[in-house]
Amino acid sequence: MITTRFVPFRSGITDVAVLQNRLNSIFQDFARPEEATESLAAGNFVPAVDVYEDAQKLELKLEVPGIRREDLDIRVEGRTLIVKGERKFESDEKEENFHRIERRYGSFVRSFTLPSTVSTEEVAALSADGVLSITLAKKPEAKPKQIEVKIATAAEAPKQVEAKA
């Protein structure tokens with residue numbers, strides 16, 4: 001019987017990088033919500049989103065090229081914004097005539113927890129050039145207030161009193 005000695009990091013840094021990549025992928029799979037795992041397995045897609053905030057509004061921009069307006073569903077439930085949609089495969093072309101299909105088709109659901117500073121009553125959605133923009137106005141009390149600094153005149157200036165010793 002031949003005994004071989006196990007040296008875990010014998011070839012140096014590459015083994016450590018491989019081990020780290022493998023552990024990262026395990027933890028990503030573990031941390032992924034169940035519904036996200038199902039949607040990836042079904043070939044569905046998740047549109048990319050940009051979230052922008054300024055003093056007046058919160059704006060989300062989702063990439064939804066090829067999705068018709070009637071195939072989008074945008075809802076606010078409590079403090080959650082839910083965006084659902086479906087990109088349908090064009091059925092007028094024959095599937096056997098395709099050489100390659102790389103675009104993703106199917107349905108998606110994205111949900112976003114809204115901050116308490118946003119008004120859920122003032123929501124607007126606009127789709128242009130494959131980008132869905134959802135704008136939520138901020139509540140008036142959440143908007144910054146400019147305070148004017150007044151300069152006192154000589155008559156309004158406080159008088160200095162000298163103490164006598």
Side-chain angles (χ1 to χ4, degrees), residues 13 16-93 100-160:
I13 197 78
V16 174
V18 169
L19 179 63
Q20 182 177 5
N21 286 341
R22 181 66 187 132
L23 285 173
N24 285 343
S25 70
I26 290 169
F27 285 117
Q28 286 173 352
D29 290 344
F30 179 72
R32 184 177 293 136
E34 204 171 294
E35 60 272 3
T37 305
E38 291 177 275
S39 69
L40 289 174
N44 294 343
F45 68 101
V46 178
V49 64
D50 294 335
V51 180
Y52 170 78
E53 182 177 12
D54 64 16
Q56 309 301 320
K57 67 184 179 306
L58 179 73
E59 186 172 10
L60 293 90
K61 292 187 177 191
L62 289 90
E63 291 183 353
V64 291
I67 299 177
R68 299 181 319 201
R69 186 178 84 181
E70 52 271 6
D71 293 331
L72 289 169
D73 181 19
I74 304 165
R75 297 173 188 257
V76 176
E77 296 178 3
R79 305 266 0 123
T80 304
L81 172 69
I82 301 168
V83 182
K84 297 178 183 180
E86 183 177 6
R87 183 183 300 154
K88 297 178 181 174
F89 186 75
E90 297 90 16
S91 59
D92 51 338
E93 291 109 5
R100 180 178 298 210
I101 298 175
E102 291 186 352
R103 293 187 300 157
R104 296 242 171 157
Y105 297 93
S107 59
F108 72 88
V109 177
R110 296 288 312 255
S111 61
F112 306 91
T113 302
L114 300 172
S116 59
T117 57
V118 171
S119 170
T120 57
E121 302 300 319
E122 297 180 51
V123 182
L126 174 70
S127 181
D129 299 328
V131 177
L132 173 65
S133 297
I134 303 171
T135 306
L136 298 109
K138 288 200 173 177
K139 293 179 180 176
E141 61 268 15
K143 294 178 184 175
K145 296 176 185 169
Q146 181 70 32
I147 299 170
E148 183 183 343
V149 177
K150 296 180 182 178
I151 299 178
T153 61
E156 297 173 331
K159 296 180 182 176
Q160 292 185 351

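- Listed by chain and number, the residues in a side chain to side chain contact (heavy atoms under 4.5 Å, CB included) with Ser119 are Glu121, Glu122, Lys139 (sequence neighbours excluded).
- Annotation: salt bridge (Lys or Arg N to Asp or Glu O under 4.0 Å) contacts of Glu70 (sequence neighbours excluded): Arg68.
- Residues passing the side chain to side chain contact (heavy atoms under 4.5 Å, CB included) test with Val123, sequence neighbours excluded: Val76, Ile134, Leu136.
- Take Asp73 and apply the side chain to side chain donor-acceptor pair (under 3.5 Å) test, not counting sequence neighbours, and it matches Arg75.
- Among all heavy-atom pairs drawn from Ile74 and Ala125, the shortest one is CD1-CB, 3.7 Å.
- The two residues Ile82 and Ser111 come nearest to each other via the heavy atoms CG1-CB, 4.2 Å.
- For Glu53, the side chain to side chain donor-acceptor pair (under 3.5 Å) partners at least two apart in sequence or on another chain are Lys138.
- In this structure, the side chain to side chain contact (heavy atoms under 4.5 Å, CB included) partners of Arg110, at least two apart in sequence or on a different chain, are Val46, Pro47, Val49, Leu62, Phe108, Phe112.
- Judged purely by atom type and a 3.5 angstrom limit, Arg87 uses its side chain to pair as donor or acceptor with the backbone of Pro65.
- Legend: residues meeting salt bridge (Lys or Arg N to Asp or Glu O under 4.0 Å) with Lys84, ordered by chain and number and at least two apart, are absent.
- Nearest approach of Val64 to Val131, heavy atoms of both residues: CG2-C, 4.4 Å.
- A search for salt bridge (Lys or Arg N to Asp or Glu O under 4.0 Å) contacts involving Asp129 returns nothing, not counting sequence neighbours.
- Counting only residues at least two apart or in different chains, salt bridge (charged side-chain N to carboxylate O under 4.0 Å, His left out) contacts with residues 54-64 comprise Asp54-Lys57.
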